[in-house]
**Student:** 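Sending over a structure as structure tokens; questions will come in a sec.
The chains referred to below are lettered A, B, ... by the order of the sequence lines, with proteins before strands, and numbering in each begins at 1.
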Protein chains: 2
Amino acid sequence: MKVAAKPITIRDVARAAAVGVGTVSRVLNGGAHVSRATTERVEAAIRRLGFRPNAQARRMLRRHSEIVCFLLSNRDFPHTFHARILQGVENYARSIRQHVIFAAVHYGAEVSPDRIHLPPILQERGMVDGLLLAGTIYPNFLHRIQEMEIPFVAFGNNVMEYEGPRNFDQVSYDGYPGEVEAVRYTIGQGHRLIAFGGDTTYPWMRVRHEAYLAVMREHKLNPIAFTAPRPVSNLEYGDWLAGRVLARRPRPTAVIAGNDEVAFGVWRTLRRRGLRVPEDISLVGFDDREEAMLMDPPLTTVRVRKEEIGQACMRMLLERLHHPTMPYSERLLATELVVRDTVKKL
Amino acid sequence: MKVAAKPITIRDVARAAAVGVGTVSRVLNGGAHVSRATTERVEAAIRRLGFRPNAQARRMLRRHSEIVCFLLSNRDFPHTFHARILQGVENYARSIRQHVIFAAVHYGAEVSPDRIHLPPILQERGMVDGLLLAGTIYPNFLHRIQEMEIPFVAFGNNVMEYEGPRNFDQVSYDGYPGEVEAVRYTIGQGHRLIAFGGDTTYPWMRVRHEAYLAVMREHKLNPIAFTAPRPVSNLEYGDWLAGRVLARRPRPTAVIAGNDEVAFGVWRTLRRRGLRVPEDISLVGFDDREEAMLMDPPLTTVRVRKEEIGQACMRMLLERLHHPTMPYSERLLATELVVRDTVKKL
DNA sequence: AGGTGTCGCGGAAACGGTTCCGCCGCCGGC
DNA sequence: GCCGGCGGCGGAACCGTTTCCGCGACACCT
């Protein structure tokens, strides 16, 4: 690591190539209105001196940083679901030469907007062009962000109980069709006593629950839903759900779990009680996380295309940046059933 | 979202507070050499105008960006292991007002350094102050990065077959003591026929293998190691390992799996063949991933403190930035056994 | 031949901060 | 009473780019 000598500037290059600084700048930015010969002379000088333009000075003039911030709310760390969204964002960002700052923020759902402690990244002006909101997002935080007058896109499924006109952009997956497909498929496999379980405090769970109810009604079947709010992990919710299902008479032959983690909890409790999936009880998840493949047999579940959500978020933010006044919208991505091996044909 | 009016600059503030720009700048940067009364007048003006300094202009003068890049090599997305490292980096960075750009890079282990396609973030000068290298890192990439003369710290365990003098900083966990503890513990529970399995192509696996061998030797027990390289997933490696273990006579009573994913593969294959953990065969993992808690019963494994690795990386990079000429070093973090329920007392 | 449009180019101005120089006034020492 | 030092402060210069203005040369048209 050389001790930093005086860095080479655009003026050094101009001098070396015997041209004006404007010309060097033009070459740097695509070379419009510069003759072939001059371009080559300048490029040679750039190579010879090992010149690389200073990113900060550039950004100052450009008036935007080409950096967006992926802001994770109220999570300990980005586990696989959000990690995949982040990767989707990064992939797309890289292809269009944008950069992604990863930041986290924690706050209570109840604190007033102006008491939320923002991460340092949001305290400077011009540090990031826009925001991508993921994690569990409460309305107070959205209000706070809106005060900052910085463009942002939210991952809509994780927005909790937001009321009033939605004056921001969001990208969501539509869990409804996927869950409909899942329930129909289960019925198609001959099941009639099909339970659903998931804490409908969460809006994303409500959608799945409604899809379940609709399909059951459509087939004139009695819904068996366990949707009580419980302040426990998904895994433990699954344990509890399995208990309720087993206690129910007549016993359901299939369980639609609110998500893959709940399904995992159901699975382990069933196994502990000596029951096998799918021989004794069939099981369906939601999300298609990595863990679904870990299960044995692999879990039939509903796929959410997380990388595509990330990409769509980034794309939408960019559109907003380019057209600040366009009307707010929501982009909905489809979900679909992934049939694996946990639903038995009756 | 208001259409951007002319942004407020430091000169506007100076005019409003009837002071010079220098004074405003001094107030902004800690207020040394400014009287109490003036400070207050300036601060009032800042509040009144809603002035926030422009990040880019600041950075240009400061000569560093206060941004580091977390660079993930050759991974599809940040798995929970790396996600936790990233979170450790972010946590610490936030506390000292540094920012973390997340970027990914993919390259073959064999391509020559100058043919590796670097992510755009590294192509500008001054965009990031330093690099944090994670993922699976091959020597060709390290050589390429070194040419760039940008300070970096590598997550050492993931550095593959680097030879020669190590002229960069790294943070690693020392898997040896944790694995030693794990094997000793297993022996302490009365096991004598203890198998080890893991692809020792990977340097981190080699360390665990050596620890296993050392303890077995220390107790005068015959090692039963399955370390063949196999181009399959960890999970499938576990399947294969379980097969080998079951075929072996006399049959081992415990399996030390190279990592938690391998353990998971072993577990599912054992269960398929009608064997229970730990009643029929005991099992130990390594890494202490989220999945270890998913297993049933929860997996006894070796904990790697991933957040601390992240924090240490960030801290080390900062030291390097402040003292560019200090000698290179490696920071080693301890690992330790986490006893849960998959080793049976014989 | 003269006007006019276009291309290529040089260099000044601008961006929004920080840094530094120099001035003023006050205080303390002799 | 004079002088030196220093705290407080204003404002010019500067950082390394981009942008813009203006100029000369040349081609084309009338």
**Student:** Parallel, tilted or perpendicular: which one describes the rings of Tyr107(A) and Tyr138(A), with boundaries at 30° and 60°?
**Tutor:**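 Rings of Tyr107(A) and Tyr138(A): perpendicular, over 60°.
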**Student:** Please write out the pairs of protein N or O atoms and N or O atoms of nucleotides 19-25 of chain D separated by less than 3.5 Å, giving the distance to one decimal.
**Tutor:**
from    : atom 1 : to       : atom 2 : distance (Å)
dC20(D) : N4     : Arg26(A) : NH1    : 3.2

**Student:** Looking at dC15(D), I'd like to know if its phosphate oxygens (OP1 or OP2) sit under 4.0 Å from a side-chain N or O belonging to Arg58(A).
**Tutor:**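 The answer is no; no side-chain N or O of Arg58(A) sits under 4.0 Å from OP1 or OP2.
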**Student:** Tell me if the NE2 atom of His33(B) is crowded by more than 12 foreign heavy atoms within 6.0 Å.
**Tutor:** no
**Student:** Side-chain donor-acceptor contacts of residues 109-118 of chain A below 3.5 Å, not counting sequence neighbours, with atom names and distances?
**Tutor:**
from      : atom 1 : to        : atom 2 : distance (Å)
Ser112(A) : OG     : Asp114(A) : OD1    : 2.8

**Student:** Mind checking if Ala55(B) touches a base, just sugar-phosphate, or nothing, with heavy atoms under 4.0 Å?
**Tutor:** nothing
**Student:** Let me have the donor-acceptor pairs involving side chains of residues 11-18 of chain B, under 3.5 Å, with sequence neighbours excluded, atom names and distances please.
**Tutor:**
from     : atom 1 : to      : atom 2 : distance (Å)
Asp12(B) : OD2    : Thr9(B) : N      : 2.8

**Student:** Check the angle between the aromatic planes of His82(A) and His79(A) and answer parallel, tilted or perpendicular using the 30° and 60° thresholds.
**Tutor:** perpendicular
**Student:** Tell me: NE2 of His33(B) to C1' of dG5(D), nearest whole Å?
**Tutor:** 13 Å
**Student:** Kindly write out the residues that satisfy ring-ring contact (aromatic ring centres under 6.0 Å, His included) with His143(B), not counting sequence neighbours, or none if the list is empty.
**Tutor:** Tyr162(B)
**Student:** Donor-acceptor pair, Thr136(B) side chain versus Asn158(B) backbone, under 3.5 Å?
**Tutor:**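 Not a single qualifying donor-acceptor pair exists.
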**Student:** Distance under 4.0 Å to a non-hydrogen atom of chain B counts as contact; along DNA chain C, which nucleotides mark the start and end?
**Tutor:**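 Here the contact window of chain B covers dG16(C) to dC20(C).
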**Student:** Just the rounded figure in Å: distance from P of dT18(D) to CE of Met60(A).
**Tutor:** 11 Å
**Student:** Tell me if a side-chain donor or acceptor on Glu66(B) pairs with a main-chain N or O of Arg97(B) at a distance below 3.5 Å.
**Tutor:**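 It does not hold such a pair.
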**Student:** State whether the distance check finds a donor on one side and an acceptor on the other, under 3.5 Å, for side chain Arg11(A) versus base dT17(D).
**Tutor:**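 For Arg11(A), whose side chain was compared with the base of dT17(D), there is a donor-acceptor pair (under 3.5 Å).
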**Student:** Round to the nearest Å and state the distance from Arg59(B) atom CZ to dG16(D) atom P.
**Tutor:**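 Those two atoms, CZ and P, are 17 Å apart.
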**Student:** Kindly state which residues belonging to residues 37-52 of chain A come within less than 4.0 angstrom of DNA chain C, counting heavy atoms of the residue only, listed by number.
**Tutor:** Thr38(A)
**Student:** Can you confirm whether Glu124(B) sits close enough to Gln56(A) that some side-chain heavy atom of one is under 4.5 Å from a side-chain heavy atom of the other?
**Tutor:** no
**Student:** Of Val34(B) and Ala57(B), whose closest DNA chain D nucleotide lies nearer the 5' terminus?
**Tutor:**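 Counting from the 5' end, the first nearest nucleotide belongs to Val34(B).
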**Student:** If you define the side chain from C-beta out and look only at heavy atoms, does anything of Gln87(A) sit under 4.5 Å from Phe102(B)?
**Tutor:**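 In contact.
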**Student:** What is the nucleic acid contact for Arg36(B), judged by heavy atoms within less than 4.0 Å: base, sugar-phosphate only, or nothing?
**Tutor:** nothing
**Student:** Tell me if a side-chain donor or acceptor on Thr23(A) pairs with a main-chain N or O of Val19(A) at a distance below 3.5 Å.
**Tutor:** no
**Student:** Atom CD1 of Ile10(A) to atom C1' of dC15(D): distance rounded to whole Å?
**Tutor:**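 Computing the Ile10(A):CD1 to dC15(D):C1' distance gives 13 Å.
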